[in-house]
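Below, chain A is the first sequence line, B the second, and so on; all start at residue 1. Computation of the quantities below employed the complete heavy-atom set of this structure, encompassing side-chain atoms and omitting hydrogens, waters and symmetry-equivalent molecules.
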Protein chains: 2
Amino acid sequence: MSTSASTPRRRGPRRSLTREALVDAALDLLDEAGWAGFSLRAVGNRLGVDPNTLYTYVADRAALEREVAERVLAETDPAALEDVATPWRDRVLRYAGRLRATLLRHPGAARLLTTAPMDGPTALLIGERLMDALAEAGLDADDAARASYALMVQVLGAVLLEVAETDGRHPLPSEPERIAARRAGFDTVDAGAWPRTAAASATMAAWISGEQFTWSLDRLLDGLVPCS
Amino acid sequence: MSTSASTPRRRGPRRSLTREALVDAALDLLDEAGWAGFSLRAVGNRLGVDPNTLYTYVADRAALEREVAERVLAETDPAALEDVATPWRDRVLRYAGRLRATLLRHPGAARLLTTAPMDGPTALLIGERLMDALAEAGLDADDAARASYALMVQVLGAVLLEVAETDGRHPLPSEPERIAARRAGFDTVDAGAWPRTAAASATMAAWISGEQFTWSLDRLLDGLVPCS
DNA sequence: ACCTGAACACCGTTCAAGT
DNA sequence: ACCTGAACACCGTTCAAGT
């Protein structure tokens, strides 16, 4: 795992390192090594550069983490929320699925959304577009704002809990594998003390599934739009 | 901040340190110093003991973190969900509020719920009791299981995003203070590019409020119980 | 402006040794 | 069984120095 200090991965004439390349390297490292393996020194090593060099491009580790979070959020392509040809509800559900899929491709980066306020430009864009969709659904300005947050909380909360059960390295075990592992965990629960848990263990094992994810969002959307 | 190594906080005859006292000290440290200030060495120092002593009581840092998470979850007093005298919906809303309040009292510990699977005894208890309440609401076993997870995701997601905007030290600034700080952040958004954000900035500043928390849960519950 | 080398004050974890 | 002391392989960050 640890490369000898005298042979960093890339050595040669000072290439013009850019801030973007730094963020890319940080995300790549996060994907490969997970949250536990992420450090400024390892990022520097990956770029063939002394760790303190990174301070030319970024104020500190926290600032780099914010940049990575912003980059991952941008990768979800929120422009998909602007396709007004598709009905608002499909638009929201489709984008939510994209957001989940993107974060699952970068499980080590997912928790960065919890490390700093989500106040970047992409978060702003997502909020505005969600409010567009919800206004189209008939909500007034206040309810649209509140509803958009409820949706983001449901999406991000689900992904964060899902990712918490992994080591944060890409690629994650397949969904069926992760469900099976959870199911094995439920085999030992005392059915006398926890009858509902024992009876619903298959459903509960699938709490981290895409099916549960969509089901929850559907129910939330049912509650958000006026009960017709 | 750093106490001299030769004068740890408590010195004397070897007191019988217990695992419970260790978890207490860890949680106290987390409250005082936040996530950033949490380390095994600092916990040891607080207990007047060498850091490696902790390994007598706990396998490693991750195990200690799981114990702290379990302890905080237990502090929410899930027995409140067993008061069948109050209607199921009030029971759920009241417990959700307690869970949020407890995590906000331990903001540094909140993120520990995202660090490891929530498969402890208290999580099991909460799930079972939520399913009790949802069965009372008329949901079948499968829907009750799914609905209980949707509720936990909404509650924990909201708290995690709320806590992400703080330094994780207890006590947090008051809710009005935190809302005001968020509001100031929205003052700089371009109303031309983001008209809905600009118009709803007061509501969006209050996304982290208890009012939004309850509103979201109410809407979710509306969607979870059959539209009568 | 960008990078290096060395240093500072930390980490988690291990191991042999003491009581 | 419990704790110490020393060590190992790491951290983030700073600073003076080189180009």
Side-chain angles (χ1 to χ4, degrees), chain A residues 1-23 25-26 29-30 32-68 108 112 115-116 167-168, chain B residues 1-23 25-26 29-30 32-68 108 112 115-116 167-168:
Chain A
M1 159 133 281
S2 64
T3 326
S4 157
S6 60
T7 59
R9 228 179 259 200
R10 176 142 65 93
R11 177 64 89 183
R14 308 139 190 54
R15 306 212 160 274
S16 60
L17 180 58
T18 65
R19 181 189 183 100
E20 203 181 329
L22 169 55
V23 176
L29 173 64
L30 224 27
E32 264 177 41
W35 175 258
F38 180 74
S39 75
L40 293 187
R41 296 176 107 106
V43 174
N45 188 33
R46 171 177 281 263
L47 290 166
V49 115
D50 270 21
N52 40 10
T53 297
L54 308 186
Y55 288 81
T56 305
Y57 301 92
V58 105
D60 54 16
R61 176 176 168 141
L64 177 56
E65 290 181 350
R66 278 196 298 277
E67 300 260 16
V68 173
L112 295 183
T115 268
D167 65 3
Chain B
M1 157 132 282
S2 65
T3 328
S4 158
S6 58
T7 57
R9 231 178 255 200
R10 176 143 63 91
R11 177 65 88 183
R14 307 145 188 51
R15 307 212 159 274
S16 61
L17 180 58
T18 66
R19 182 190 182 96
E20 204 180 327
L22 170 55
V23 176
L29 173 64
L30 226 26
E32 263 179 38
W35 174 258
F38 179 74
S39 75
L40 294 187
R41 296 177 107 107
V43 174
N45 188 35
R46 171 176 282 262
L47 290 166
V49 113
D50 269 21
N52 40 8
T53 297
L54 307 186
Y55 288 82
T56 304
Y57 302 93
V58 104
D60 54 14
R61 175 174 169 144
L64 177 56
E65 290 181 350
R66 278 195 298 275
E67 301 260 16
V68 173
L112 295 183
T115 266
D167 64 5

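Using a 4.0 Å cut-off, some side-chain N or O of Ser39(A) falls inside it from OP1 or OP2 of dC11(D). Between Tyr57(B) and dC3(D), a side-chain N or O to OP1/OP2 separation shorter than 4.0 Å is present. Listed pair Thr53(B) / dT4(D) meets the phosphate criterion, a side-chain N or O lying under 4.0 Å from OP1 or OP2.
Here dC11(C) presents its C1' atom at 12 Å from CZ of Arg61(A), a figure rounded to the nearest Å. Rounded to an integer number of Å, the gap from Leu40(B) CG to dT14(C) P is 11 Å. Atoms CZ (Phe38(A)) and P (dC10(D)) sit 17 Å apart, rounded to a whole Å. Distance Asn45(A) CG to dG5(C) C1': 16 Å, rounded to the nearest Å. Rounded to whole Å, atom P of dC2(D) lies 17 Å from atom OH of Tyr55(B).
Looking only at side-chain heavy atoms (C-beta outward), Tyr57(A) and Thr18(A) stay at 4.5 Å or farther from each other. Looking only at side-chain heavy atoms (C-beta outward), Leu40(B) and Asp60(B) stay at 4.5 Å or farther from each other. Inter-residue side-chain proximity for Tyr55(B) and Asp50(B) is flagged as unmet; no heavy-atom pair is nearer than 4.5 Å. Counting only heavy atoms from C-beta outward, the side chains of Glu32(B) and Phe38(B) never approach each other to under 4.5 Å. A 4.5 Å side-chain heavy-atom check between Trp35(A) and Leu112(A) finds at least one atom pair inside the cut-off.
Heavy-atom distances to DNA chain D give each of Gly37(A) and Asn52(A) a nearest nucleotide, and the one nearer the 5′ end belongs to Gly37(A). Remark on DNA chain D: of its neighbouring residues Pro51(B) and Ala42(A), the 5'-side contact belongs to Pro51(B), judged by nearest-heavy-atom nucleotide.
The Arg41(A) side chain lies nearest to dT13(D) when the options are dC3(C), dT13(D), dT14(C). Counting only heavy atoms from C-beta on, Val49(A) has its side chain closest to dT4(C) among dT4(D), dT4(C), dC3(D). Taking every side-chain heavy atom of Asp50(A) into account, dG5(C) is the closest of dT4(D), dG5(C), dT13(C).
dC15(D) and dG5(C) make up a base pair, with Watson-Crick or G-U wobble contacts both under 3.5 Å.
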